[in-house]
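Report on the following structure.
Just so you know, these numbers come straight off a predicted model, no measurement behind them.
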Amino acid sequence: MSRIGIIPNLSKDNNLHLTESITNWLLENKQEVLLNAGIALRIGKPDLGLKNEDIFINSDFIIVLGGDGTLLNIARQSAYYNVPLFGINLGHLGFLTEVEAEEMFPALEKLISGDYEIEKRMMLEATVETDNIQMEKSVALNDIGITKGPFSRIIRMGIYINDDYVDLYSADGVVISSPTGSTAYSLSAGGPIVSPDVKVMIITPICPHILHSRSIVVSHEDVVKIEVCQNNTEVMLTVDGQQGYKLKAGDIVTIRQAQCYTSLVKLKDRSFYQVLRKKISERWSPNRKF
């Protein structure tokens with residue numbers, strides 16, 4: 001018997017029908033289910049309710065109901081608990097989530113029978129220093145972005161790798177991506193697609209205002225530092241596109257490989273390249289209905 005946490009996105013499963021269906025199926029199949037206390041109460045099973053932290057501590061793995069954004073959020077929350085995540089896609093694209101909602105019960109059968117693998121995905125750590133004082137620290141699965149506000153001018157940023165000066169970027173921003181995040185914001189900014197088992201970081205300027213700026217791929221052991229060089233524009237640090245922190249001139253953002261990983265439950269019948277082909281095709285298909 002496995003202890004299986006279930007964390008739904010309440011905007012995707014607002015009536016909790018899917019959460020309740022999965023809970024009932026798992027209980028019928030002799031599995032232990034762990035739910036947030038409020039959700040457990042709503043589906044009439046208050047005895048299954050715990051705090052989210054206790055779900056992270058006590059689960060053998062966690063089913064995440066939602067899209068990639070939901071999984072990114074839970075990955076950051078659970079990063080230091082080393083609990084594997086299994087994503088069921090209720091969103092649009094679903095690069096990180098493992099299966100679609102209509103596939104979930106056959107997938108759950110594989111899950112409880114042990115027919116899966118665990119992939120460890122590299123995470124990034126970002127710290128912000130103001131006047132040599134650390135002001136902020138965050139971890140990300142996909143990327144760390146430094147971007148201008150909606151009405152701001154271009155940003156000028158000094159880029160350093162292992163304290164070696166690389167260049168002064170004049171751009172709408174820069175995104176530092178993990179391999180997992182190479183198919184997200186980095187890809188949209190013109191960065192390369194990188195297999196998730198390759199340990200690198202990708203530095204990609206966003207709409208650069210110089211002709212020769214291109215992505216730079218560096219080792220996971222490198223340390224990237226970015227200095228904000230002006231104070232006449234709104235500059236934001238973003239974490240997986242979900243958390244933000246306002247920066248000012250002189251701030252130093254340091255990005256390195258995090259000490260923690262995200263563990264993803266992967267079924268054995270799909271490779272990264274199969275998912276890539278399918279999802280990129282869905283994204284750009286001329287016959288796609290919006």
I'd like to check [X] versus [Y] (side-chain heavy atoms, cut-off strictly below 4.5 Å). Are they in contact?
X      : Y      : value
Phe86  : Val99  : yes
Ile55  : Val83  : no
Leu168 : Cys229 : yes
Val217 : Pro192 : yes
Leu90  : Leu18  : yes
Val175 : Ile202 : no
Gln243 : Leu237 : no
Leu50  : Asn36  : no

If I compare all heavy atoms of [X] with all of [Y], which pair ends up nearest, and what's the gap?
X      : Y      : value
Val139 : Ala79  : CG2-CB, 4.4 Å
Cys207 : Asp172 : CB-OD2, 3.5 Å
Gly191 : Ser215 : CA-OG, 3.4 Å
Thr183 : Thr180 : OG1-O, 3.5 Å
Ala75  : Met123 : O-CE, 4.1 Å
Pro179 : Pro196 : CB-CA, 3.8 Å

request  = For ring pair (Phe, Tyr, Trp, His ring centres under 6.0 Å), just list the numbers for Tyr160 and Tyr165, CA-CA rounded to whole Å, side-chain angles, deciding distance to a tenth of an Å, and then say yes or no.
outcome  = CA-CA 4 Å; Tyr160 300 80; Tyr165 176 68; 5.4 Å; yes
Is there a chain of hydrophobic side chains (I, L, V, M, F, W, Y, each step under 4.5 Å between heavy atoms) that links [X] to [Y]?
X      : Y      : result
Tyr169 : Val228 : yes
Ile216 : Met122 : yes
Ile22  : Leu34  : no
Leu26  : Leu65  : yes
Ile6   : Leu267 : yes

Distance from [X] atom [atom1] to [Y] atom [atom2], nearest 0.5 Å?
X      : Y      : atom1 : atom2 : result
Asp60  : Gln31  : CG    : CD    : 9.0 Å
Asn15  : Arg42  : CG    : CZ    : 8.5 Å
Arg256 : Ile176 : CZ    : CD1   : 13.5 Å
Asp143 : Thr204 : CG    : OG1   : 10.0 Å
Thr19  : Asn24  : OG1   : CG    : 11.0 Å
Glu20  : Ile39  : CD    : CD1   : 12.0 Å

Is a donor from one side chain sitting under 3.5 angstrom from an acceptor on the other, for [X] and [Y]?
X      : Y      : value
Asp197 : Ser195 : yes
Thr70  : Asn9   : yes
Asn73  : Gln77  : yes
Gln242 : Arg76  : yes
Lys12  : Asn89  : no
Asn142 : Asp240 : no

Okay, side chain of [X], backbone of [Y]: is any donor-acceptor separation there less than 3.5 Å?
X      : Y      : value
Asp13  : His17  : yes
Asp222 : Val218 : no
Glu103 : Glu100 : yes
Ser2   : Ile4   : no
Ser178 : Gly181 : yes

More than 12 heavy atoms of other groups within 6.0 Å of Tyr185 OH =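 Atom OH in Tyr185 is not crowded, with 12 or fewer foreign heavy atoms closer than 6.0 Å.
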request  = Check whether more than 12 heavy atoms from other residues, nucleotides or ligands sit under 6.0 Å from atom CD of Glu109, and answer yes or no.
outcome  = yes
ask   = Yes or no on side chain to side chain contact (heavy atoms under 4.5 Å, CB included) for Ile226 and Val174, after CA distance, side-chain angles and deciding distance?
value = CA-CA 9 Å; Ile226 300 171; Val174 63; 3.7 Å; yes
Step-by-step side chain to side chain contact (heavy atoms under 4.5 Å, CB included) determination, Ile88 to Thr97 = CA-CA 6 Å; Ile88 296 178; Thr97 50; over 6 Å; no
task = Before giving the answer on side chain to side chain contact (heavy atoms under 4.5 Å, CB included), spell out for Val200 and Val194 the whole-Å C-alpha distance, their side-chain angles and the decisive distance to 0.1 Å.
result = CA-CA 9 Å; Val200 296; Val194 177; 3.9 Å; yes
inquiry  = So that I can tick it off, tell me whether Lys266 and Glu98 are bridged by a salt bridge, with the cut-off set at under 4.0 angstrom between side-chain N and carboxylate O.
reply    = yes
request  = Run the salt-bridge test on Arg121 and Glu119 with the 4.0 Å N-O cut-off and return the result as yes or no.
outcome  = yes
Which donor-acceptor pairs under 3.5 Å do the side chains of residues 126-138 make with protein atoms, sequence neighbours left out?
unit_1, atom_1, unit_2, atom_2, d
Thr130, OG1, Asp251, OD1, 2.8

task = Starting from the C-alpha separation in whole Å, work towards a yes-or-no answer on side-chain hydrogen bond (donor to acceptor under 3.5 Å, both in side chains) for Arg3 and Ser59.
result = CA-CA 5 Å; Arg3 294 171 298 174; Ser59 296; over 6 Å; no
key: Mutual orientation of the aromatic rings belonging to Tyr116 and Phe61 [parallel < 30°, tilted 30-60°, perpendicular > 60°]   =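 Geometry flag for Phe61 against Tyr116: perpendicular rings.
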ask   = Looking at Thr238, Ile255, Val224, Thr254, which one forms a side chain to side chain contact (heavy atoms under 4.5 Å, CB included) with Ile144?
value = Ile255
task = Go through Leu35 and Ile7 one step at a time and tell me if the side chain to side chain contact (heavy atoms under 4.5 Å, CB included) criterion holds.
result = CA-CA 7 Å; Leu35 297 168; Ile7 301 181; over 6 Å; no
request  = Could you walk me through whether Gln259 and Tyr80 pass the side-chain hydrogen bond (donor to acceptor under 3.5 Å, both in side chains) test, one step at a time?
outcome  = CA-CA 9 Å; Gln259 301 267 327; Tyr80 293 100; over 6 Å; no
